[in-house]
Peer 1: 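One structure follows; several queries about it will come next.
Keep in mind that this is a model prediction, so the values were computed, not measured.
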Amino acid sequence: NSLEYINQKYKPLDQIRAEFPEIATAYEQGRFPEGVADQLRAILQKVGKTPLIVRSSSLLEDNFGTSFAGKYESYFCPNQGTLEENLHDLTYAIRRTYASAFNPDAMFYRRRMGLIDYDERMAILLQEVQGETHGRYFFPDLAGVAFGRVPILWHPRLRREDGFVRLVMGLGTRAVNRVADDYPRLITLSHPTLRPETTAAAIRRCSQHFIDVIDLEDNEFKTLPINEVIGKDYHGLRWTASVEEDDTLMPIVSLGQMASGRLVYTFDALLQRSDFVPMMKTALATLNQSYDFPVDVEFAMRLQPGSPRPQLTFHLLQCRPQSSMKGKAVRAIPTDVTEENKVFTVTQMVPQGHISTIEYIIYVDPLNYSQLGDPGKCKEVAYIAGRLNKALEGHGFIMLGPGRWGSSNPDLGVPVTYADIYNVDALVEISVPQHGIIPEPSYGTHFFQDLVEAEIYPLAVYLGESGDLLNQDFLEKAQNCLPGVLPEAEKYSDSIKLICIDKERPGYHMEIIMDGERGLAYLSDVGQPKSEENE
C-alpha cells in the first residue's frame with residue numbers, strides 16, 4: 001500500500017502528533033493481498049463465533065529493559081457477524097494495530113529511552129479471547145496482570161520477591177489500563193489480605209465498579225456497571241464479592257443476605273480460601289526462573305464452584321520481562337555528591353528506580369501552607385498545583401509538599417486529586433507536624449493506589465529521622481517562577497513555589513536514584529555523561 005514512514009521518528013514531537021491521524025487513516029484505508037485475506041478468512045472459519053483479540057508484538061515491545069505497555073494498540077473482535085463482516089472487522093483491527101507503531105506516545109517513549117535509531121518491527125498476534133458466556137455477555141471470571149517482583153512496597157511487612165497482582169472480574173483491560181474512579185484489587189502475594197484501605201467505605205470506593213465485556217448480541221466490546229452484569233445467579237459471587245452491612249464487610253453466606261446489603265467486589269474469599277495465591281506464586285516463580293529475570297504477565301482465570309474450594313484454571317496470555325527492573329541490579333546511589341547539591345534523601349519504604357532530567361520542582365512550603373488557615377485557600381493551592389501539572393506536561397518535574405498529598409483534610413496535606421498530579425514523575429511528602437498533628441504519608445491510603453497505577457514514584461521525607469534530609473536552604477532561597485507561568489496565582493507565591501533548576505544552577509538538572517532501601521535527589525551537571533533514562 002506504499003505506506004512508508006521510515007523517517008517519521010526523527011521529526012519534532014509536535015509534528016509527529018499532528019501527522020499521526022493522517023498516517024492512521026492511510027493504514028485504515030489499506031488493502032490486504034487476496035492470499036492474505038483468504039488465510040484470515042480460513043482462521044475465522046476455524047474459530048467460529050469465538051471472540052478474538054488483535055495484539056501487537058514488536059521487537060522493542062518484547063525486549064528486556066523497556067516497557068511499551070499501552071503504547072501500541074490492541075483491539076477486540078467480537079466475531080458475531082457474518083463471515084465477511086467478521087473479516088472486515090478483523091482486517092480493520094490489524095490495520096489500526098500496525099498504524100499504532102507510529103503513535104506519538106510510542107515515538108516519544110523510544111526517544112526518551114534512547115531507542116529511536118533501532119529498527120522497530122511490528123508483528124500481529126491473533127488470540128482467542130479466554131472466557132465464558134454469561135447470558136448475552138462473554139468474559140473470563142477473573143483476569144489481570146502480575147509482576148514477578150513487587151514494584152513499590154507500601155508496608156514494611158511486604159516482600160518484593162513474592163510478586164504482585166492487579167485483579168479484576170471480566171476482561172483484563174481494566175487491570176492493564178489506568179481508568180478513572182475504578183480500581184482493580186491490588187494484591188501483594190506475600191501478604192495478600194493486607195490492603196491499603198482500612199474502613200469499609202474506603203474499600204468500597206477502591207473496588208471495581210465497572211466490568212469490560214463482549215456483548216454477543218450487539219457484537220461489540222462494552223464497559224458496563226458491574227452490578228448490571230453480575231447478578232445473584234453468578235456462580236463465582238461468593239468468592240469475589242462481600243456484602244456491606246452497617247459499615248462492615250461480610251462474606252456472602254446466603255442469597256437473602258445480599259438483599260439487605262450492598263455488594264462490594266473485594267475478592268476476599270478468593271484470597272483467603274482458594275488456591276489463587278499459591279497458584280500465582282508458583283506461576284511467577286517458574287517464569288522468573290525461566291527468564292532469569294522478573295516477569296510481567298497478563299492472565300485470565302476460570303473459576304468453577306467447588307466445596308470447600310473452587311477449581312481454578314490459569315490461562316497465561318502474555319509474558320515479557322518486567323520493565324521496572326531494567327537489569328539485574330539497580331543503579332548505585334552516587335557517593336560523591338556534595339551536600340549543597342543534595343536536595344533530599346529518603347530512607348523509608350523506598351521503591352526502586354531512576355528519574356532523570358527533572359527540570360522543575362513544585363514546592364509547597366510547609367510553614368506558609370499551615371498558616372493559610374482557610375480550607376478554601378488550601379484548596380486553591382491544590383488547584384494551582386493542578387494547573388502547573390498541565391502547564392508542565394512534557395517536562396520532567398516533581399511535587400514536594402507537607403503531609404499527605406491527596407488528603408481530604410487540608411490540615412493534613414494538599415488536597416489534590418489524580419487529575420492534579422498525573423504528569424508528575426514523583427510525589428514527595430514531607431512529614432512535619434500540621435496543627436499539632438504529624439500526618440502519616442500516603443502509603444496505605446486509596447490515593448496511594450492512584451500513584452501505583454500511574455507509575456508515579458511516592459516518596460516521603462521524615463524530618464528528624466536519621467538518614468532523611470531536606471535541603472531547605474536551597475528550597476527557600478530559590479527564585480519563584482510561578483508568577484511568570486501562572487500570573488493569576490501570584491498571591492499564593494508564599495505558599496507554593498515553582499523552582500526552575502536551570503535558573504538556580506545554570507546547566508544543571510535534578511535526578512532521583514532509588515535502590516529499594518534509600519533514595520537520593522541531587523543536582524547534576526547536564527554536561528556530564530548522560531545517565532540511564534527513566535526506568
Peer 1: Could you state the interatomic distance from CD1 (I398) to CG (L400), rounded to the nearest 0.5 Å?
Peer 2: 5.5 Å

Peer 1: Less than 4.0 angstrom from a charged side-chain N to a carboxylate O is my criterion; do E393 and K390 meet it?
Peer 2: no

Peer 1: Can a donor-acceptor pair be found between the side chains of E511 and S356 at a distance below 3.5 Å?
Peer 2: no

Peer 1: Between N368 and S495, does any side-chain donor sit less than 3.5 Å from a side-chain acceptor?
Peer 2: no

Peer 1: Just checking K342: does its NZ atom have more than 12 heavy atoms from other residues, nucleotides or ligands closer to it than 6.0 angstrom?
Peer 2: yes

Peer 1: May I ask you to check whether Q479 and E504 show a side-chain donor-acceptor distance below 3.5 Å?
Peer 2: no

Peer 1: Got a sec: does the CZ of R121 have more than 12 other heavy atoms crowding it under 6.0 Å?
Peer 2: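 No.
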
Peer 1: With side chains defined as the heavy atoms from C-beta onward, is the minimum distance between P402 and V364 less than 4.5 Å?
Peer 2: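 Counting from C-beta outward, P402 and V364 do come under 4.5 Å.
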
Peer 1: Any chance you could lay out the side chain to side chain contact (heavy atoms under 4.5 Å, CB included) test for L427 and Y457, step after step, and finish with the verdict?
Peer 2: CA-CA 6 Å; L427 203 59; Y457 287 102; over 6 Å; no

Peer 1: Can you measure from CD1 (I384) to CG (D420) and round to the nearest 0.5 angstrom?
Peer 2: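 Atom-to-atom, I384:CD1 and D420:CG are 11.0 Å apart.
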
Peer 1: Test your reading of the model: is there a side-chain donor-acceptor pair from S431 to the backbone of A460, 3.5 Å cut-off?
Peer 2: no

Peer 1: Could you walk me through whether M399 and I421 pass the side chain to side chain contact (heavy atoms under 4.5 Å, CB included) check?
Peer 2: CA-CA 8 Å; M399 292 187 184; I421 55 93; 3.6 Å; yes

Peer 1: Look at the side chain of Y369 and the backbone N and O of G413, then say whether any donor-acceptor pair between them is shorter than 3.5 Å.
Peer 2: yes

Peer 1: Using modelled atom types and a 3.5 Å cut-off, is there a donor and acceptor pairing between side-chain atoms of K9 and backbone atoms of M107?
Peer 2: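 Here the side-chain-to-backbone pair does not exist.
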
Peer 1: So, for N389 and V424, which heavy atoms are closest and what is the spacing to 0.1 Å?
Peer 2: OD1-N, 3.7 Å

Peer 1: Return the minimal non-hydrogen interatomic distance between A18 and P21, and the atom names on each side.
Peer 2: O-CD, 3.5 Å

Peer 1: Using the rule given for salt bridge (charged side-chain N to carboxylate O under 4.0 Å, His left out), can you reason through K222 versus E228, listing the C-alpha separation, both sets of side-chain angles and the distance that settles it, and then say yes or no?
Peer 2: CA-CA 12 Å; K222 287 185 177 180; E228 289 184 12; over 6 Å; no

Peer 1: First locate atom OH of Y492, then atom CG of D365, and finally report the distance between them rounded to the nearest 0.5 Å.
Peer 2: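 Going from the OH atom of Y492 to the CG atom of D365 covers 15.5 Å.
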
Peer 1: Do Q318 and R55 touch side chain to side chain, with heavy atoms closer than 4.5 Å?
Peer 2: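 Yes. Closest side-chain heavy atoms under 4.5 Å.
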
Peer 1: Is it true that a side-chain atom of D468 and a backbone atom of V346 form a donor plus acceptor pair closer than 3.5 Å?
Peer 2: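 Not a single qualifying donor-acceptor pair exists.
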
Peer 1: Would a line drawn from the ring center of F102 to the ring center of F20 be shorter than 6.0 Å?
Peer 2: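 No, the ring centres sit 6.0 Å or more apart.
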
Peer 1: Just by distance, no angles: are the side chains of Y183 and R205 close enough, under 3.5 Å, to form a donor-acceptor pair?
Peer 2: yes

Peer 1: Would you call E73 and R95 a salt bridge, taking side-chain N to carboxylate O under 4.0 Å as the test?
Peer 2: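 Answer for the salt bridge query: no.
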
Peer 1: Hey, does R387 have a side-chain heavy atom less than 4.5 Å from the side chain of E488?
Peer 2: yes

Peer 1: Please tell me whether Y10 and D117 have a donor and an acceptor in their side chains that are separated by less than 3.5 angstrom.
Peer 2: yes

Peer 1: Looking at W405 and V428, would you say the former's side chain and the latter's main chain have a donor-acceptor pair under 3.5 Å?
Peer 2: yes

Peer 1: Looking at V165 and A146, what are the two nearest heavy atoms and their distance?
Peer 2: CG2-CB, 3.9 Å

Peer 1: Going by an N to O cut-off under 4.0 Å, is there a salt bridge joining K497 and E476?
Peer 2: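 No, this pair does not count.
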
Peer 1: Please report the interatomic distance CD1(I362) to CG(L498), rounded to the nearest 0.5 Å.
Peer 2: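 Nearest 0.5 Å value for the CD1-CG distance: 6.0 Å.
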
Peer 1: Apply side chain to side chain contact (heavy atoms under 4.5 Å, CB included) to the pair H509 and I358, showing each step before the final yes or no.
Peer 2: CA-CA 6 Å; H509 62 243; I358 298 169; 5.8 Å; no

Peer 1: Report the C-alpha distance between Y72 and E120 in whole Å, list the side-chain angles of each, state the deciding distance to 0.1 Å, and finish with yes or no for side chain to side chain donor-acceptor pair (under 3.5 Å).
Peer 2: CA-CA 12 Å; Y72 299 142; E120 173 69 302; 2.7 Å; yes

Peer 1: How long is the straight-line distance from CZ of R195 back to SG of C206, given to the nearest 0.5 Å?
Peer 2: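 Those atoms lie 7.5 Å apart.
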
Peer 1: Parallel, tilted or perpendicular: which describes the rings of Y360 and H395, with under 30° parallel and over 60° perpendicular?
Peer 2: perpendicular

Peer 1: Quick one, E339 and L469 - any side-chain contact, counting heavy atoms below 4.5 Å?
Peer 2: yes

Peer 1: Do the side chains of L189 and L284 get nearer than 4.5 Å, heavy atoms only?
Peer 2: yes

Peer 1: Would you please say whether a donor-acceptor pair under 3.5 Å links the side chains of N341 and R505?
Peer 2: yes

Peer 1: Side chain to side chain contact (heavy atoms under 4.5 Å, CB included) between I513 and Y522: does it pass, once the steps are laid out?
Peer 2: CA-CA 9 Å; I513 296 178; Y522 65 100; 3.7 Å; yes

Peer 1: Should the pair E359-K503 be classified as a salt bridge under the 4.0 Å nitrogen-to-oxygen rule?
Peer 2: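 Not counted as a salt bridge, because no side-chain N and carboxylate O are separated by less than 4.0 Å.
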
Peer 1: Look only at the side chain of R262 and the backbone of E244, and say whether a donor-acceptor pair between them is shorter than 3.5 Å.
Peer 2: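 Side chain of R262 to backbone of E244, a donor-acceptor pair under 3.5 Å: no, none is there.
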
Peer 1: Just checking, is any N or O donor in the side chain of Y265 or N227 under 3.5 Å from an acceptor N or O on the other one?
Peer 2: yes

Peer 1: Would a 4.5 Å heavy-atom cut-off, applied to side chains only, mark T266 and V264 as touching?
Peer 2: yes

Peer 1: Is the side chain of D296 donor-acceptor paired with the backbone N or O of C319 at a distance under 3.5 Å, no angle test?
Peer 2: no

Peer 1: Is it true that R160 and D162 make a salt bridge, defined as a side-chain N closer than 4.0 Å to a carboxylate O?
Peer 2: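 So R160 does not pair with D162 through a salt bridge.
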
Peer 1: Assess whether a salt bridge exists between E161 and R149, defined as any Lys/Arg side-chain N lying under 4.0 Å from an Asp/Glu carboxylate O.
Peer 2: no

Peer 1: Minimum heavy-atom separation for T97 to M122, with atom names?
Peer 2: O-CE, 4.0 Å

Peer 1: Using side-chain heavy atoms (C-beta onward) and a distance below 4.5 Å, is L167 in contact with F267?
Peer 2: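 Yes, side chains in contact.
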
Peer 1: Quick check for you: to the nearest 0.5 Å, what is the distance between C481 atom SG and I499 atom CD1?
Peer 2: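 That separation rounds to 8.5 Å.
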
Peer 1: Any luck finding a side-chain donor-acceptor pair between Y462 and E429 under 3.5 Å?
Peer 2: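 No donor-acceptor contact under 3.5 Å links the two side chains.
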
Peer 1: Which heavy atom of P410 sits nearest a heavy atom of C378, and at what distance?
Peer 2: CB-CB, 3.6 Å

Peer 1: Should T173 and F76 count as side-chain neighbours, where that means a heavy-atom distance under 4.5 Å?
Peer 2: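 The answer is yes, as the side chains (C-beta and beyond) meet within the 4.5 Å cut-off.
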
Peer 1: Of the non-hydrogen atoms in V150 and R159, which two are nearest, and what is the gap between them?
Peer 2: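 Taking V150 first and R159 second, the nearest heavy atoms are CG2-O, 3.4 Å.
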
